[in-house]
Amino acid sequence: MKAKTMGWKAKYTTGITLLDDEHKELLELVNTLISALESPNEGAATHAHVIDGYRKVHDHIVAHFADEERLMHNIGFPDVTEHITQHEALRQELEQLGKMIKEGRTPENWEPLASMLNVWVLRHIMSHDVKIRTYLHRSPS
């Protein structure tokens with residue numbers, strides 16, 4: 001069974017160009033990593049491809065979270081602490097995936113975590129990041 005890759009949908013849009021562009025790129029990177037994890041080829045070349053895919057996802061998420069957290073602070077987003085807690089949870093999941101990759105585990109062992117990463121990213125966008133959009137577009141009181 002293969003992990004499902006996810007594509008961008010309009011409902012993921014926050015209306016904040018920087019965040020939307022970074023989210024789109026993140027989904028592409030996660031999908032590339034999932035494909036590398038499921039590669040039928042064995043050996044050092046495949047493992048190097050997986051490590052590279054993981055590094056790109058990790059680096060992108062770290063940079064994206066920094067951008068997003070800076071934006072939330074700048075606009076006075078009231079749920080910034082909760083949102084950062086969610087970011088930390090994904091960082092921890094990423095560290096677990098990184099450990100598995102560095103240990104050279106086989107792709108079959110990675111599928112649930114790779115799938116979780118994709119689902120987690122989309123769930124985070126839908127349940128947390130869209131709140132930033134709502135906050136920015138609220139009616140003045």
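- By the 4.0 Å N-to-carboxylate-O rule, Arg55 lies close enough to Asp59 to be salt-bridged with it.
- A continuous path of ILVMFWY side-chain contacts below 4.5 Å connects Met126 to Val121, so both sit in one hydrophobic cluster.
- Put simply, the side chain of Asp52 never gets that close to the backbone of Ala48: no donor and acceptor are under 3.5 Å apart.
- In this structure, the side chains of Ile61 and Leu29 stay at 4.5 Å or more apart for every pair of heavy atoms.
- From Leu33, atom CG reaches atom NZ of Lys56 across 11.0 Å, with rounding to the nearest 0.5 Å.
- Note: Glu25 CD to His64 NE2 = 10.5 Å, rounded to the nearest 0.5 Å.
- Among residues two or more places apart in sequence or in another chain, the side chain to side chain contact (heavy atoms under 4.5 Å, CB included) test is passed with Gln86 by Trp120, His124, His128.
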Test Glu69 against His73 for side-chain hydrogen bond (donor to acceptor under 3.5 Å, both in side chains), laying out the working first.
-> CA-CA 6 Å; Glu69 290 168 11; His73 284 294; over 6 Å; no
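- Annotation: side-chain hydrogen bond (donor to acceptor under 3.5 Å, both in side chains) contacts of Lys131 (sequence neighbours excluded): none.
- If you check the side chains of Thr14 and Asp20, you find a donor sitting under 3.5 Å from an acceptor.
- Across Leu26, Leu122, Thr13, a single residue satisfies side chain to side chain contact (heavy atoms under 4.5 Å, CB included) together with Trp8, and that is Thr13.
- Between Glu68 and His87 the shortest side-chain heavy-atom distance falls below 4.5 Å.
- Met72 belongs to a hydrophobic cluster whose remaining members, ordered by chain and number, are Ile16, Leu19, Leu71, Ile75, Phe77, Val80, Ile84, Ile132, Tyr135, Leu136; membership requires side-chain heavy atoms of ILVMFWY residues under 4.5 Å apart, directly or through intermediates.
- With sequence neighbours excluded, the residues forming a side chain to side chain contact (heavy atoms under 4.5 Å, CB included) with Glu88 are Arg91, Gln92, listed by chain and number.
- For Arg123, the salt bridge (Lys or Arg N to Asp or Glu O under 4.0 Å) test picks out no residue, with sequence neighbours left out.
- Here the NE2 atom belonging to His60 is positioned 5.5 Å from the CD atom belonging to Glu22, to the nearest 0.5 angstrom.
- Residues His83 and Asp129 meet the side-chain proximity criterion, which asks for heavy atoms closer than 4.5 Å.
- Put simply, CD1 on Ile125 and NZ on Lys24 are 11.0 Å apart, with the number rounded to the nearest 0.5 Å.
- Taking a 4.5 Å side-chain heavy-atom cut-off between Ile, Leu, Val, Met, Phe, Trp and Tyr, the cluster of Val130 contains only that residue.
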